[in-house]
Amino acid sequence: MENVLYIRLRHRIQVKEESLVKLGQIAQLIAPEPILESIRDIPVHHVTVEDKNIIVVDVMTAIRRINAVHPSLDIQTIGPVQTIIEVVYEKKKVSLPLFAGVWLLLFIGTALAIINFHEDVSMREVHQRMYFFITGRVDPHPLIYQIPYSIGLGLGMILFFNHVFKKRINEEPSPLEVEMFNYQQDLDQYVIMHENKESQKKLDDH
């Protein structure tokens, strides 16, 4: 156990531009206490402008860096074999007119989509028929149905997305969050396969 290092790469980390990424940032490490700190401080990658915003570090790169400092260590790898390093650049401030314009565009687009859907399924006629069946009277604007329906539509969207602005209603993920998670998993797998030079080998490589 004295010369054994257990290393588990993290799936994804975020760093700032021009950062020096160290082993302790991209991996969980278990090693003898006297050398653990020095292993954590081993540099793995220096972020440059050419790296753009995604870097993939392979576990073999980490092992080579460790062997250069502690060649006698018995390295045992656990879990993922690549880490995705996402470079986070300083965000530019969004102008208020641009924000208002995008918000207005989305608001109008969403409203039109809802209106067109209700027109396609003849929702007004449905409300009129329901009102006639229950009361026996014809009303072209049965507000007693339309107003609660409109309120229920908004509440239903809140329950579906499981959010009130930034506040989550409960711990259960919403369908949108699940879809975003699946999309992120597929995206990470694509990045690992296409950005990691260690996973690609051409015919003329030796």
Side-chain angles (χ1 to χ4, degrees), residues 9-22 24-28 43-57 80 82-128 140-197:
L9 294 184
R10 293 184 170 91
H11 178 69
R12 173 185 282 265
I13 68 166
Q14 292 183 333
V15 298
K16 294 182 179 179
E17 51 187 316
E18 301 296 328
S19 297
L20 178 62
V21 183
K22 298 180 179 180
Q25 292 174 268
I26 68 167
Q28 296 173 283
V44 176
H45 186 84
H46 185 265
V47 179
T48 62
V49 178
E50 288 76 16
D51 291 322
K52 297 182 180 178
N53 65 324
I54 293 291
I55 307 155
V56 178
V57 175
Q82 289 102 3
T83 291
I84 298 173
I85 301 174
E86 180 183 356
V87 184
V88 180
Y89 294 94
E90 186 176 351
K91 293 182 179 180
K92 297 179 180 178
K93 292 184 178 179
V94 180
S95 64
L96 187 60
L98 178 62
F99 173 81
V102 172
W103 183 89
L104 186 62
L105 182 65
L106 292 174
F107 178 81
I108 294 173
T110 304
L112 286 174
I114 294 173
I115 291 170
N116 288 331
F117 168 76
H118 285 83
E119 190 64 29
D120 287 342
V121 298
S122 303
M123 187 60 70
R124 182 174 58 179
E125 285 81 358
V126 171
H127 288 163
Q128 290 171 350
H141 303 290
L143 298 180
I144 194 171
Y145 285 119
Q146 292 175 338
I147 292 175
Y149 175 79
S150 300
I151 296 172
L153 187 65
L155 291 176
M157 294 298 288
I158 291 174
L159 292 175
F160 180 80
F161 288 108
N162 196 23
H163 275 82
V164 180
F165 297 104
K166 291 185 177 181
K167 188 175 181 181
R168 185 189 292 270
I169 298 174
N170 55 49
E171 293 300 318
E172 182 179 346
S174 69
L176 180 62
E177 288 174 320
V178 173
E179 286 301 318
M180 289 299 294
F181 173 79
N182 290 334
Y183 171 76
Q184 187 64 58
Q185 291 290 96
D186 293 339
L187 186 63
D188 289 348
Q189 191 61 33
Y190 176 88
V191 167
I192 287 172
M193 293 301 298
H194 290 80
E195 295 291 331
N196 184 13
K197 297 180 177 60

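In this structure, the separation between CG on Leu187 and CE on Met180 is 9.5 Å, given to the nearest 0.5 Å. Rounded to the nearest 0.5 Å, atoms CD (Gln189) and CD (Gln82) are 8.0 Å apart. Rounded to the nearest 0.5 angstrom, His141 NE2 and Gln128 CD are separated by 8.0 Å. Rounded to the nearest 0.5 Å, atoms CD1 (Ile115) and CG (Asp120) are 12.0 Å apart.
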Step by step, would you call Phe99 with Trp103 a ring pair (Phe, Tyr, Trp, His ring centres under 6.0 Å)? CA-CA 6 Å; Phe99 173 81; Trp103 183 89; 7.9 Å; no

Verify side chain to side chain contact (heavy atoms under 4.5 Å, CB included) between Lys16 and Val88, making sure each step is shown before the conclusion. CA-CA 5 Å; Lys16 294 182 179 179; Val88 180; 5.6 Å; no

Decide yes or no on side chain to side chain contact (heavy atoms under 4.5 Å, CB included) for Arg10 and Gln28, but give the supporting numbers first. CA-CA 7 Å; Arg10 293 184 170 91; Gln28 296 173 283; 3.8 Å; yes

Taking it one step at a time, do Ile26 and Val21 satisfy side chain to side chain contact (heavy atoms under 4.5 Å, CB included)? CA-CA 8 Å; Ile26 68 167; Val21 183; 3.5 Å; yes

Run the numbers on Lys22 and His45 for side chain to side chain contact (heavy atoms under 4.5 Å, CB included), then give the verdict. CA-CA 7 Å; Lys22 298 180 179 180; His45 186 84; over 6 Å; no

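In the displayed structure, Tyr89 atom OH is contacted under 6.0 Å by more than 12 heavy atoms of other residues, nucleotides or ligands. More than 12 heavy atoms of other residues, nucleotides or ligands shown are found within 6.0 angstrom of CG on Leu20. Annotation: Glu119, atom CD; neighbour count of heavy atoms from other residues, nucleotides and ligands within 6.0 Å does not exceed 12.
You'll find the side chain of Val121 stays beyond 4.5 Å of the side chain of Val126, heavy atoms only. Side-chain atoms of Thr83 and Val56, non-hydrogen and from C-beta on, never get closer than 4.5 Å to each other. Looking at Ile55 and Val47, their side chains come closer than 4.5 Å, going by heavy atoms from C-beta outward. Annotation: side chain of His11 is in contact with side chain of Gln185 (closest heavy-atom distance under 4.5 Å). His118 places a side-chain heavy atom less than 4.5 Å from the side chain of Leu153.
Between Tyr145 and His127, the ring-plane angle classifies as parallel under the 30° and 60° cut-offs.
Nearest approach of Val44 to Val57, heavy atoms of both residues: CG1-CG1, 3.6 Å. In plain terms, the two heavy atoms of Ile13 and Gln25 that are nearest each other are CG2-O, 3.5 Å. Considering every non-hydrogen atom in both Pro148 and Leu143, the closest pair reads CD-O, 3.7 Å.
Between His46 and Asp51, the side chains place no donor N or O within less than 3.5 Å of an acceptor N or O (distance only, hydrogens not considered).
The backbone N or O of Ile84 sits nowhere less than 3.5 Å from a side-chain atom of Arg12 that would complete a donor-acceptor pair. Not one N or O on the side chain of Ser19 forms a donor-acceptor pair closer than 3.5 Å with the backbone of Val15.
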